[in-house]
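These notes are about the structure you will find just below.
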Amino acid sequence: MKRILSLFLTGAMLLTMAAPVCALESTGAGTLTDTAYLDHIVIPSAEDPAAPSTPTSPTTPTSPTTPSQPETPAKTYKAIRSNMMISIDGESVKPAGYAVEGYTYFKLRDVAYLMRGKACAFAVGWDQPSYSVTMTTGLDYTPAGGELAAESASTATAKVGDCNLLLNGRPISLEGYLINNNNYFKLRDIGDALGFVVDYDEATRTILIDTAPEPEPEPDPEPDPEPEPDEPEEPVEEDPFDRTVHLDGKLKIVLDAGHGGSDGGTTGKASIDFEGPVGDVLAGDAIYEKDFNLAVALRLRDLLEEESVEVVMIREEDETVTSSDRVELLKEYGADADMIFSIHHNSANGTAAGAELLAQIRFEEDGAPFADYYQAEIEAAGHTLRRTVYKRGDNGDYYFVLRAAANVGCLAFISEYCFLDNPEDQQWVFGEDALDAEAEALFNAIMNYFEDYEY
């Protein structure tokens, strides 16, 4: 009798186990909202047309060992249907989109549909064993029906998704939400992963996507024939990415103040009144990453120049620098520079905190020591290092700034000093003293590194 009662209770408990949050995409769609800044643009994931509309639950074990406690319901967010236009290589389109917590997110399957026949075309599917949405480059997406269909509801409920993402069989990490049983992700993240460039035209409130791949470098002209040597010589192969070939004893740094102009970067709401980089800010006002990036970059420039460092600025005012233009400038100025240093400020889920350093895969051996100097200065300022990130993409470094620098053999880093969407972490950039402290920490890290490494 006890055994029968035990089996009955076990079965009842298994029937109440929670299903996973992640789901495959169905066929909804939509457009973009009032969020005007590119870092507020996000994308969705997609399903294999042959897969079921929702993932099946894991196989029920026959004899669980310990009764599970009731799960805490997942936190939900309000999603608002977006109405912003997108232009892909000059063609206007309207994929499905929702704004959540100030960011706009799109369906991956809609994006795959729009990329058919282009250099960055990719297929999407579902891998049940690894519980993963899959993306495969070089293949055209097979429509399942319903792509680009407008979402009927103006608002919806969003949950943080928990399924995995695989790009060409390798796991990648993208922030996203589950909305109406579909996965939504950031457009800029998808662009970085797949090789297309995302910009924003504020005048027309249009997101601009350029799918043209970066032109291959032109081959060197054929050298004049050399006279026949008396004895054969072994050919010498030079490494075009050897960053030591231009060592000249003169320290040259390229500073990139991220975003600018119509591209405001990430945004947040000020938790207190403070003197901002472009004027007084009241609690509740919107704050834009581009302003803090530039304020710190100008301070860092002045500190470096006081030490006779040659500094090249990608921008020195609030001006728009498109992604493609930024890549070309980084290549041009980085070809004979000792370091490209890009200044950014972060955002995530409203609770993440701390500084992050994004470092190159290409020069990980050289970059690792700098990460130590960076961490030491961050902590000396009283702040916390959240992590150092080495992230690989299909074409080398995942982040296009780091990839462009690596392509000309230049060491590069991206500093994400704090999270502007976290009311507590944003205090690290509020006021003149805070901006001075950030610039000084970055200055000390750079100078301490080059005390030990040649330039």
Side-chain angles (χ1 to χ4, degrees), residues 13 15-37 39-47 51-58 68-84 95-111 126 131-133 146 149-165 172-190 266-271 284 286 346-353 419-426:
M13 185 174 65
L15 288 172
T16 61
M17 289 178 67
V21 174
C22 179
L24 300 180
E25 281 199 14
S26 59
T27 57
T31 42
L32 261 156
T33 58
D34 346 330
T35 312
Y37 293 98
D39 272 7
H40 295 178
I41 302 166
V42 189
I43 292 190
S45 73
E47 65 178 350
S53 61
T54 56
T56 58
S57 301
S68 61
Q69 297 297 321
E71 293 191 2
T72 303
K75 183 177 179 180
T76 61
Y77 302 85
K78 183 177 181 180
I80 304 173
R81 186 176 59 201
S82 65
N83 297 301
M84 192 177 293
Y98 274 105
V100 182
E101 296 288 287
Y103 293 78
T104 307
Y105 297 73
F106 296 94
K107 287 184 183 177
L108 182 62
R109 186 151 55 84
D110 280 359
V111 177
W126 173 255
Y131 193 54
S132 302
V133 172
E151 295 285 5
S152 58
S154 60
T155 62
T157 299
K159 298 179 181 180
V160 176
D162 70 349
C163 59
N164 302 311
L165 288 171
I172 61 172
S173 177
L174 301 178
E175 296 174 9
Y177 286 96
L178 185 68
I179 305 172
N180 294 335
N181 209 33
N182 298 295
N183 293 296
Y184 286 69
F185 301 96
K186 291 184 179 179
L187 185 58
R188 181 176 292 235
D189 286 352
I190 297 297
T266 191
T267 66
K269 290 185 177 180
S271 57
N346 224 335
S347 68
N349 54 15
T351 60
F419 285 80
L420 293 181
D421 61 349
N422 181 332
E424 295 181 0
D425 210 43
Q426 63 186 205

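Contact record, Ala79 with Val100: CB-CG2, 3.8 Å, taken as the closest heavy-atom pair. Closest heavy-atom contact between Glu175 and Lys186: OE1-NZ, 3.6 Å. For the residue pair Ser271 and Pro423, the shortest heavy atom distance occurs at OG-O, 3.2 Å.
In this structure a side-chain-to-backbone donor-acceptor pair under 3.5 Å is present from Asn422 to Thr351. Remark: the backbone N or O of Gly268 is not paired with any side-chain donor or acceptor of Asp421 at under 3.5 angstrom.
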Determine, step by step, whether Tyr98 and Asn180 satisfy the side chain to side chain contact (heavy atoms under 4.5 Å, CB included) criterion, reporting the C-alpha distance in whole Å, the side-chain angles of both residues, the deciding distance to 0.1 Å, and the verdict. CA-CA 11 Å; Tyr98 274 105; Asn180 294 335; 3.4 Å; yes
Report the C-alpha distance between Phe419 and Thr266 in whole Å, list the side-chain angles of each, state the deciding distance to 0.1 Å, and finish with yes or no for side chain to side chain contact (heavy atoms under 4.5 Å, CB included). CA-CA 9 Å; Phe419 285 80; Thr266 191; over 6 Å; no
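With sequence neighbours excluded, the residues satisfying ring pair (Phe, Tyr, Trp, His ring centres under 6.0 Å) with Tyr177 are Tyr77, Tyr105. Asn346 pairs by the side-chain hydrogen bond (donor to acceptor under 3.5 Å, both in side chains) definition with Glu356, not counting sequence neighbours.
Distance check, rounded to the nearest 0.5 Å: CD of Glu101 to OG of Ser347 gives 11.0 Å. If you take CG on Asn181 and CD1 on Ile179, they are separated by 11.5 Å, rounding to the nearest 0.5 Å. Atom CG in Leu165 sits 7.0 Å away from atom CD1 in Ile190 (nearest 0.5 Å).
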